[in-house]
A.B. asks: 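Sharing a structure below in structure tokens format, with a few things to ask.
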Amino acid sequence: MSANGGTKAIVAALLANVGIAITKFVAFLLTSSSSMLAESVHSVADSGNQALLLLGGKRAKRAATPEHPFGYGRERYIYAFIVSIVLFSIGGLFALYEAYHKWADPHGITEWQWVPIVVLVAAIIMESFSFRTAIKESNHVRGNQSWVRFIRRAKAPELPVVLLEDFGALVGLVFALFGVTMTLITGNGEWDAAGTAMIGVLLVVIAIVLALETKSLLLGEGAEASELAAIERAVTDGPEVERIIHMKTLYLGPEELMVAAKIGVPACESAHDLARGINVVEARIRAAVPIARVIYLEPDIYSVAAAEAGTGTAADTAVPQPEAERSEG
């Protein structure tokens with residue numbers, strides 16, 4: 001996923017949400033509508049979330065250090081997880097609290113009655129442009145995946161987060177417009193409280209989805225099936241490697257993949273020939289999957305008998321297990 005595309009979508013969402021938050025809050029001060037207050041807080045939370053995503057993207061670019069030898073790429077996942085917590089607590093729970101408070105003391109909108117309608121319609125228009133930008137940037141990297149699969153499987157968190165936030169913002173604005181309109185028609189403030197409650201439930205659900213997906217990235221995800229297939233072909237597509245004994249992959253960040261494999265190599269006469277063969281294989285892997293930037297290949301001599309015993313290495317190169325470990329296995 002393009003980092004530039006993600007940044008463009010974040011900036012568009014940030015600018016839209018700052019403007020929307022100001023107009024919503026002014027509308028709340030004029031009308032005392034709980035839906036407008038919930039939407040104001042929602043937009044403030046979204047603005048803070050976009051700032052967090054930008055900060056995470058910047059901090060993730062720091063160079064590796066002895067303490068963090070694989071760099072700081074995963075910091076983007078950490079900030080995306082913080083976004084889900086902010087959305088849940090500040091956005092969702094506040095809206096539910098405000099709905100409860102308004103339901104206990106409902107009151108209609110008696111002053112500046114046209115203001116919330118105008119503000120909400122204007123906010124829907126502005127939010128639609130932000131959502132359009134997020135969709136456009138996502139389509140550059142989504143390929144033929146469905147939107148659900150793209151959100152669930154994307155390794156870079158920014159675009160899925162902005163997509164869900166913008167989608168939630170648009171639906172929340174529709175809920176707020178419904179609650180305000182029904183309150184103006186009936187004079188019953190309980191409709192306003194109902195719209196606020198729907199906003200709260202929506203934000204809580206989106207926050208939970210974001211938290212679950214980001215948690216998986218924080219725990220560490222391996223390469224996609226297509227990437228694994230490309231890596232396997234690159235490893236075995238030449239005389240340097242007879243077979244892959246076993247292989248593991250891990251995303252160190254959205255745009256950096258680690259590949260570690262034990263490979264069966266043919267017998268060679270010198271360490272120089274062996275090292276040259278491994279370098280050739282590494283070059284093929286990087287050509288096939290450019291984000292495979294950290295590669296560890298351990299050469300060995302494959303043996304069918306040893307593979308049946310569970311080691312996959314030749315009997316004369318395998319290190320015997322202590323008796324206690326063999327009995328435990």
A.B. asks: For V18 and S47, which heavy atoms make the closest approach, and how far apart are they?
C.D. replies: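 Smallest heavy-atom distance, with atoms named: N-OG, 3.5 Å.
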
A.B. asks: Count the heavy atoms belonging to other residues, nucleotides or ligands that lie under 6.0 Å from CZ of R152, then report whether that count exceeds 12.
C.D. replies: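 Not more than 12 within 6.0 Å, no.
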
A.B. asks: Who pairs with E221 by salt bridge (Lys or Arg N to Asp or Glu O under 4.0 Å), at least two apart in sequence or on another chain?
C.D. replies: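 Listed in chain order: K155.
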
A.B. asks: Please check if the number of heavy atoms outside H101 that lie under 6.0 Å from its NE2 is greater than 12.
C.D. replies: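 It does not: H101 NE2 has 12 such atoms or fewer within range.
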
A.B. asks: Mind listing the closest non-hydrogen atom pair of P160 and P157 along with its distance?
C.D. replies: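 Heavy-atom minimum between the residues: CD-O, 3.4 Å.
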
A.B. asks: Give the C-alpha distance, both sets of side-chain angles, the deciding distance and a yes or no for side-chain contact (heavy atoms from CB on, under 4.5 Å) between V86 and V83.
C.D. replies: CA-CA 5 Å; V86 171; V83 163; 5.7 Å; no

A.B. asks: Can you name the side-chain hydrogen bond (donor to acceptor under 3.5 Å, both in side chains) partners of S130, sequence neighbours left out?
C.D. replies: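 side-chain hydrogen bond (donor to acceptor under 3.5 Å, both in side chains) list for S130, sorted by chain: D166.
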
A.B. asks: Between the main-chain N or O of K24 and the side-chain N or O of S40, is there a donor-acceptor pair closer than 3.5 Å?
C.D. replies: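 Yes: the side chain of S40 pairs with the backbone of K24.
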
A.B. asks: List the residues meeting side-chain hydrogen bond (donor to acceptor under 3.5 Å, both in side chains) with R284, not counting sequence neighbours, and say none if there are none.
C.D. replies: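 If we apply the side-chain hydrogen bond (donor to acceptor under 3.5 Å, both in side chains) test to R284, skipping adjacent residues, the hits are E240.
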
A.B. asks: Please name the pair of heavy atoms, one in F131 and one in L163, separated by the smallest distance, quoted to 0.1 Å.
C.D. replies: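 Of all heavy-atom pairs spanning F131 and L163, the closest is CE1-O, 3.6 Å.
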
A.B. asks: Of the non-hydrogen atoms in V161 and A80, which two are nearest, and what is the gap between them?
C.D. replies: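 Closest heavy-atom pair between V161 and A80: CG2-CB, 4.3 Å.
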
A.B. asks: Using 4.0 Å as the upper bound for N to carboxylate O, is an ion pair formed by E75 and R59?
C.D. replies: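 The answer is yes: the pair qualifies as a salt bridge.
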
A.B. asks: Write down the atom of L159, the atom of F150, and the distance for their closest heavy-atom approach.
C.D. replies: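 Closest approach of L159 to F150: CB-CZ, 4.4 Å.
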
A.B. asks: What's the spacing between L173 CG and F178 CZ if we round to 0.5 Å?
C.D. replies: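 Taking CG in L173 and CZ in F178, the distance rounds to 15.0 Å.
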
A.B. asks: One pair to check against side-chain contact (heavy atoms from CB on, under 4.5 Å): L252 and V294. What are the steps and the verdict?
C.D. replies: CA-CA 9 Å; L252 302 175; V294 180; 3.8 Å; yes

A.B. asks: Considering residues at least two apart in sequence or located in another chain, which fulfil the side-chain hydrogen bond (donor to acceptor under 3.5 Å, both in side chains) criterion with N139?
C.D. replies: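 Partners of N139 under the side-chain hydrogen bond (donor to acceptor under 3.5 Å, both in side chains) test: R142.
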
A.B. asks: So, E227 and R233, do they make that salt bridge, N to O below 4.0 Å?
C.D. replies: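 No, this pair does not count.
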
A.B. asks: Using distance only, find each side-chain donor-acceptor pair of residues 271-283 under 3.5 Å and give its atom names and separation, not counting sequence neighbours.
C.D. replies:
| residue | atom | partner | partner atom | Å |
| --- | --- | --- | --- | --- |
| D273 | OD2 | S270 | OG | 3.3 |
| N279 | ND2 | A275 | O | 3.3 |

A.B. asks: Restricting to non-hydrogen atoms, name the atom on A230 and the atom on A288 that form the minimum distance, rounded to 0.1 Å.
C.D. replies: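 Taking A230 first and A288 second, the nearest heavy atoms are O-CB, 4.0 Å.
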
A.B. asks: Could you list the residues that satisfy ring pair (Phe, Tyr, Trp, His ring centres under 6.0 Å) with H68, not counting sequence neighbours?
C.D. replies: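 Expected list: Y72.
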
